[in-house]
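Below is one structure, written out as structure tokens, with a few remarks after it.
Just so we're clear, the structure is a prediction, and the values are computed from it rather than from any experiment. Just so you know, these numbers use all the heavy atoms, side chains as well, and skip hydrogens, waters and symmetry mates. Reminder, nothing fancy here: chain letters follow the sequence lines and each chain counts from 1.
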2 protein chains.
Amino acid sequence: MTDLDIAEVAHRAGVPASTLRFYEEKGLISSTGRRGLRRQYDPGVLDRLALIALGRTAGFSLDEIAQMFAPDGRPRIDRDMLSAKADELDRTIRELGVLRDSLRHAAACPAPSHLECSTFRRLIDAAASGGVAAPGRRPPERR
Amino acid sequence: MTDLDIAEVAHRAGVPASTLRFYEEKGLISSTGRRGLRRQYDPGVLDRLALIALGRTAGFSLDEIAQMFAPDGRPRIDRDMLSAKADELDRTIRELGVLRDSLRHAAACPAPSHLECSTFRRLIDAAASGGVAAPGRRPPERR
DNA sequence: GTTCTACTTCAAGTCGACTTGAGGTCAAGA
DNA sequence: TCTTGACCTCAAGTCGACTTGAAGTAGAAC
């Protein structure tokens with residue numbers, strides 16, 4: 001068998017073993033069995049973990065991510081939901097672009113107060129009208 | 001005086017008054033004074049709140065956001081930090097782009113399992129090598 | 001002058017995502 | 001065979017960002 005020990009998975013995925021146990025409890029991943037007490041995993045779990053990390057970065061909750069997969073581990077075929085999430089991401093990406101530009105500008109602009117700088121104001125306004133107050137999302141904090 | 005009542009600010013900014021009090025306590029915003037018990041705010045607080053919301057969407061913590069402003073409300077001139085944050089955002093934006101493309105693909109691809117689809121695999125791999133396991137960030141949850 | 005109501009303070013509660021701690025177990029090496 | 005160390009379970013703790021609840025208060029309407 002080519003299965004991986006939990007320590008190996010934790011190491012390769014860059015997450016603590018406690019997180020793997022937690023994800024398993026939540027149904028996000030599953031182990032193929034045990035060797036003694038120790039969980040063994042199919043190498044495919046690494047893809048799954050990458051996908052989960054990606055989803056978390058995008059701000060999806062673990063529950064939402066779980067919904068994107070069928071119980072067998074395959075992405076679900078709820079195409080409408082998938083598209084909706086993609087649209088949501090598109091909006092977020094645009095907002096972040098505005099913020100990035102604002103930060104870069106703030107780092108360069110010599111105006112005494114950035115709120116007095118027309119470039120900065122335009123960026124803020126763009127963000128505000130772009131729906132900044134709309135549903136935000138929270139990716140994970142690294143420990 | 002053109003100051004705004006807390007209720008007015010809450011309404012215009014789309015956040016509950018409790019959040020405004022909380023932000024004030026954290027030093028993220030400040031009121032110009034009171035009318036009776038009620039906090040009054042300078043209209044400029046709306047810009048500040050927009051900026052805070054933007055920062056939260058980008059995944060910065062309230063403490064980090066607070067650091068981006070001088071005590072007088074002006075953006076701080078820590079250009080290095082600002083640039084670093086912008087770079088960080090750039091990475092996040094790229095990752096989200098990958099995820100968005102992945103989702104769109106998953107919504108369209110007819111392969112039985114997406115992990116068997118080469119397009120999807122390429123996307124995941126791109127994400128993984130792009131540093132998905134790197135410091136993530138968490139924008140706010142809307143209630 | 002009394003009542004109403006939206007505000008006030010302060011402490012405590014909530015939620016998601018994990019982490020930590022206590023006490024237990026088992027495969028492998030000496 | 002015995003020890004060791006990394007895993008195990010389960011409950012409880014933590015952290016950030018707010019929200020909620022109880023008890024109080026001031027300005028406006030009656």
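Summarising the geometry, the separation between CG on A/Leu20 and P on C/dC18 is reported as 11 Å, rounded to the nearest angstrom. Per the geometry, CD belonging to B/Glu25 stands 9 Å off P belonging to C/dC10, to the nearest Å. Per the geometry, OH belonging to B/Tyr41 stands 12 Å off C1' belonging to C/dT8, to the nearest Å. The CD-C1' distance, from B/Gln40 to C/dA6, rounds to 13 Å in whole Å. Residue B/Arg39 contributes atom CZ, which lies 17 Å from atom P of C/dA6 at whole-angstrom precision. As rounded to whole Å, 15 Å separates atom C1' of D/dT9 from atom CZ of A/Phe22. Residue A/Leu4 contributes atom CG, which lies 13 Å from atom P of D/dC7 at whole-angstrom precision. Here the P atom of nucleotide C/dC18 and the CD atom of A/Glu24 are 15 Å apart, to the nearest Å.
The nucleotide whose nearest atom lies closest to any side-chain atom of B/Arg34 is, among D/dC8, D/dT19, C/dT9, C/dT9. Ranking C/dT8, D/dA17, D/dC7 by closeness to the A/Ile6 side chain, first place goes to D/dC7. Taking the side chain of B/Pro16 as heavy atoms from C-beta on, and the options C/dA17, D/dT19, D/dA17, the nearest nucleotide is D/dT19.
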Derivation of the side chain to side chain contact (heavy atoms under 4.5 Å, CB included) call for A/Leu28 and A/Arg48: CA-CA 8 Å; A/Leu28 285 164; A/Arg48 214 167 155 72; 5.6 Å; no
Kindly determine whether A/Leu20 and A/Val9 satisfy side chain to side chain contact (heavy atoms under 4.5 Å, CB included), including the steps that lead there. CA-CA 9 Å; A/Leu20 297 179; A/Val9 173; 3.7 Å; yes
Can you list the steps and then say if B/Gln40 with B/Leu4 is a side chain to side chain contact (heavy atoms under 4.5 Å, CB included)? CA-CA 5 Å; B/Gln40 302 294 120; B/Leu4 306 174; over 6 Å; no
Evaluation steps, side chain to side chain contact (heavy atoms under 4.5 Å, CB included), between B/Tyr41 and B/Leu49: CA-CA 12 Å; B/Tyr41 293 95; B/Leu49 287 169; over 6 Å; no
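Between B/Asp3 and B/Arg34 there is no salt bridge, since no side-chain N of the basic residue sits under 4.0 Å from a carboxylate O of the acidic one.
Looking at heavy atoms from C-beta onward, B/Ile65 lies in side-chain contact with B/Arg56 at the 4.5 angstrom threshold. Counting heavy atoms from C-beta outward, A/Ile93 and B/Arg94 have side chains that stay 4.5 Å or more apart. A/Val15 has its side chain out of reach of A/Tyr23: every pair of non-hydrogen atoms, C-beta onward, lies at least 4.5 Å apart. By the 4.5 Å heavy-atom criterion applied to side chains, B/Val45 and B/Arg39 are not counted as neighbours.
Using a 4.0 Å cut-off, no side-chain N or O of B/Arg21 falls inside it from OP1 or OP2 of C/dC7. Between A/Ser18 and C/dT20 there is no side-chain polar atom (N or O) within less than 4.0 angstrom of OP1 or OP2. OP1 or OP2 of D/dC18 sits under 4.0 Å from a side-chain N or O of B/Tyr23.
Looking at B/Glu8, its side chain never comes within 3.5 Å of a backbone N or O of B/Asp5 through a donor-acceptor pair.
Both B/Ala17 and A/Leu62 sit near DNA chain C, but only B/Ala17 has its closest nucleotide nearer the 5' end.
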Contact string for nucleotides 23-30 of chain D, one letter per nucleotide 5' to 3', B = base within protein heavy-atom range under 4.0 Å, S = sugar-phosphate only, - = neither, reads -BBSS---
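Nucleic acid contact for A/Ala7: sugar-phosphate only, since backbone atoms but no base atoms lie under 4.0 Å from a heavy atom of the residue.
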Pairs under 3.5 angstrom, nitrogen or oxygen only, protein versus nucleotides 1-4 of chain D, please.
none

